[in-house]
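Atoms considered below: every heavy atom in the structure, side chains included; atoms not considered: hydrogens, waters and symmetry mates. A, B, ... follow the sequence lines: proteins, then strands. Residue 1 opens every chain. From a predicted model like this one, the values you see are computed outputs, not experimental measurements.
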Protein chains: 2
Amino acid sequence: MVTIKDVAKVTGVSPSTVSRVIADNPRISPDTKKKVRKAMKELGYHPNVNARNLVAKSTKAIGVVMPSSADKALQNPFFPEVLRGIGSITHQMQYSMTLSSGETEDENFAEVERMVYGSYVDGIILLYSRVNDRIMSFLREKRFPFVIVGKPHEHINEITHVDNDNFTAGKEITAHLINEGHERIAFIGGSRDLFVTRDREAGYENALLEANLAVRKDYLIHTEFLKSGGREAVAKLLSLEVRPTGIVVSDDLMSLGVLSTLEELGLQVPRDISLVSFNNVYLSEMTSPALTTVDIQIYQLGAQSAKALIEKTKSKDEPEKRIIIPHQIIYRDSVGSI
Amino acid sequence: MVTIKDVAKVTGVSPSTVSRVIADNPRISPDTKKKVRKAMKELGYHPNVNARNLVAKSTKAIGVVMPSSADKALQNPFFPEVLRGIGSITHQMQYSMTLSSGETEDENFAEVERMVYGSYVDGIILLYSRVNDRIMSFLREKRFPFVIVGKPHEHINEITHVDNDNFTAGKEITAHLINEGHERIAFIGGSRDLFVTRDREAGYENALLEANLAVRKDYLIHTEFLKSGGREAVAKLLSLEVRPTGIVVSDDLMSLGVLSTLEELGLQVPRDISLVSFNNVYLSEMTSPALTTVDIQIYQLGAQSAKALIEKTKSKDEPEKRIIIPHQIIYRDSVGSI
DNA sequence: CTGTTAGCGCCTTCAG
DNA sequence: CTGAAGGCGCTAACAG
C-alpha cells in the first residue's frame, strides 16, 4: 500500500506537505502541488480512509436501516428506489452508505448499536416509521444524527423527517374518484402501525366527509396481503349488499393483489369497479389496466433525506426540519366514471 | 467517546490488557477479564472500528455494487431480496455492508475505485454480470477479492460466482410447457448482454430441440419493457399467422408486462395462451393468474455470495469456485394443457 | 510556504 | 499473566 510517506520521499518533501496537498491547502506553492500530485499519480497513491477518519472523528458514511424483513414488504420496489435516491447524494458528496437489513427488529437494533458505538457512520436514515420504535428512541437518547423517511410517531417537531403530504394525497386521489361520480368508495390499507397508512386513510375519510358521503366501517380494510386473508377481506368487501364502486388502495404493490382478486371475482376494472393507489412504482404502469396512482417521488424522498442528514452531521446545531416532497396524481386507466 | 484508556484507568490495568480482553486473549486471568468487562459495560465502552481497522488492515466490511440504475431494472424486487440474503450473513459474521448504486457505469466505477483504494471494504459483490465489464476487469487486475452473482462473461473458472443453473432451469420450464402439449413456444427475454438471459434462452432452445420442435427466429424477442416497444414486440408476436400457444418469459417482472399486453389483446391466460417465467418474486403469486415460475432462491443467492466472499477475504488462497443454487419450478395457474 | 512534533484509538511485539 | 513502547496512515498545531 502506498502511503503519504512514500509520496513524500519520492517528492522530497515532508509528509505534512503531502497531506496539505491532498486537502488542497492554499498555502502550498503551485509548484510543489504539481510535483506532489504527479508523484501521487505515478505511485498510485490513494488516501486511507480509516486513518483519516480516525483523526477526523468522522466517517463520511451514513447508515441506512431498512424495516426488519420479517414483513415480506421488503420486496416492495419502493426500497431499491429510495436507495437509488440516497445513493445519488452520497455519491455526489463522496459519502458512502452502509446498509442494515435485519431479519428481526432485534437484529436491526444490534446493527444500529454497532454503527453508532463503533463510529461506523456519521448519521442514520430510517426507511420506515413505526409506532414506538426502539431504534428511534435509542438514536434520540444518544443524540445521534438521524432522519426518517416518513412521519415520526411522536416528537414530530424534534425529528428531521422527509415525507409526502399523505393526507392531502389521500384526499385528492379520493376526490378524483368522487369527481368521476363515485359515491361508495372503500379503502384498503396496510398495517395501521405504519404512519403512511393512517395518513392516507385520514385523507380518504376527509374527502368523503367534505363531499357529504358516508364513511362506512365495513368499507375499511387493513391487511398485509401476505396471508390469503387479504383476498378474503376483499372478497368480503365485494359481497356486501351495497358494493363500493371505487377502491383506494394504499400502495401499488397491494393494488396488484387487489386487481387479481377482483379479476377472480369476475369484476372488470374500471368497468365494474375503479381503483386508485399510491407510489407510482414502475410496475403500476405494467398492470392491466395501468393504475391511476399518486406519484410520491420515491427517488426524491431518498435524495432529500440523505441531503438533510449530511447537513445535520456537518453542523450539530442544524435545526430539525420537516421536508415535504410534492406528489402528483398520475392518471391512467383504472378509473371509470359513473 | 470512551476509549480503551478510560477502561484501563478505571480498572487499574494497562491499555494493552484491555485490548487483550477485547480479543478474548487466553493469557489473561479470568479475574481481570471479569473486572475489565464490567468496567466496559459501566462506561459504555465500544471499540472504535477505524482505529482497529487501521492497524488490522481489514475493515470487516464488504461492498455491494448494484447495476447502474440507468436501466429501470433496479426496481426489480430481485434486489431487495438479494440484499436481504447478503445482510443475513454480514450481520451474523459481524460484517457491515456498503452499498454502491450509481446512476451510470462511470459513477459505479468511481465508487468501486474509492472502495478499494481507500480500503473501505475487504471485498466486493457484483450484483450483475455484463459482457466486458470495466469494474470486473479492474477488480481482477487489482487482485481484489470479489464474487459475482450470476455468471461471468469470461475467465469463468477464475472468478468465484454464485449462480443458478439457468440453462437447466430454462430447459425444465420449457419442457413443462411441452409436456402440457405445447408445440409452439416463444421466448421473451431481457437484454442479451446479460448472461441470465442467454442461459435461460439456451435452455429453452435445447428443450425444443430435444422434443424435435422447431426453433423459430420470429418466436424470439428481446426487450427491456421500458419503452412501449416491448408491448409492440409482443403484439407482433401474437399477430403471427402461426401463433405460439406458450411463452417463456425470462423474469417475473417482465411477465407482468406481458400479462397485461396479452389482456389488452384480448387473450386469456392460460385458456388462450400459457405463460411461465423465472425468479418467483413475491408479486408472481399476486398476478392473475398466479404465475408458474422457477424459484431461483434469490435470498440464497445473496447469502451464499456473501459467505463465499468473506471466506475469500479471510484467506487469500481460497480457491475460486462456482456455487450453484438449486432451483425449483413452482406450479401455479398460468399454464394450460392442450 | 514548509518541516517537526504529537496524537487519533487500537493492537502487537518485546520484556518482565 | 501483564506492562511499556512503537506504530498503523493521516492531520493539526506549532515553529520557522
Side-chain angles (χ1 to χ4, degrees), chain A residues 1-40 43-61 94 96 114-122, chain B residues 1-40 43-61 94 96 114-122:
Chain A
M1 160 162 278
V2 189
T3 80
I4 221 170
K5 283 185 191 166
D6 301 318
V7 180
K9 210 161 288 170
V10 171
T11 332
V13 299
S14 80
S16 39
T17 300
V18 178
S19 173
R20 284 192 265 255
V21 173
I22 296 171
D24 203 16
N25 188 314
R27 308 188 309 188
I28 296 286
S29 79
D31 255 27
T32 7
K33 275 194 185 172
K34 203 166 295 174
K35 218 170 38 178
V36 171
R37 292 219 171 96
K38 182 157 159 269
M40 297 199 306
L43 297 180
Y45 168 79
H46 287 266
N48 177 307
V49 231
N50 284 310
R52 176 178 289 181
N53 290 345
L54 185 55
V55 19
K57 282 173 177 339
S58 133
T59 62
K60 289 209 160 220
Q94 304 254 60
S96 58
R114 268 204 336 146
M115 285 195 204
V116 340
Y117 285 137
S119 38
Y120 277 87
V121 297
D122 291 344
Chain B
M1 160 163 278
V2 189
T3 79
I4 222 171
K5 283 185 192 167
D6 301 318
V7 180
K9 211 162 287 172
V10 172
T11 331
V13 300
S14 79
S16 36
T17 301
V18 178
S19 173
R20 285 192 265 255
V21 173
I22 296 169
D24 202 16
N25 188 316
R27 308 186 310 186
I28 297 287
S29 79
D31 255 27
T32 359
K33 276 193 184 171
K34 203 167 294 173
K35 219 171 34 179
V36 171
R37 293 219 171 95
K38 183 157 157 270
M40 297 198 306
L43 297 181
Y45 168 81
H46 288 267
N48 177 308
V49 231
N50 285 308
R52 174 178 291 185
N53 291 345
L54 186 56
V55 17
K57 283 172 176 339
S58 134
T59 62
K60 288 209 161 220
Q94 304 254 59
S96 57
R114 268 204 336 146
M115 286 196 202
V116 341
Y117 285 138
S119 39
Y120 277 87
V121 297
D122 291 346

Of the listed nucleotides D:dA4, D:dC10, C:dC10, the one nearest the side chain of B:R52: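 Closest nucleotide among those given: C:dC10.
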Length of the [atom1]-[atom2] vector between [X] and [N], whole Å:
X      : N      : atom1 : atom2 : result
B:I4   : C:dG7  : CD1   : P     : 18 Å
B:N48  : C:dC8  : CG    : C1'   : 9 Å
B:Y120 : D:dG9  : OH    : P     : 17 Å
A:L54  : C:dC8  : CG    : P     : 9 Å
A:R20  : D:dT11 : CZ    : P     : 11 Å

The single option from A:T3, A:V7, A:I4 passing side chain to side chain contact (heavy atoms under 4.5 Å, CB included) against A:P15: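 Of the listed residues A:T3, A:V7, A:I4, the side chain to side chain contact (heavy atoms under 4.5 Å, CB included) partner of A:P15 is A:I4.
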Under 4.0 Å, counting only non-hydrogen atoms across every strand here, what does [X] touch: a base, just sugar-phosphate, or nothing?
X     : result
B:V13 : sugar-phosphate
B:P15 : nothing
A:S16 : base
B:R27 : base
B:S19 : base

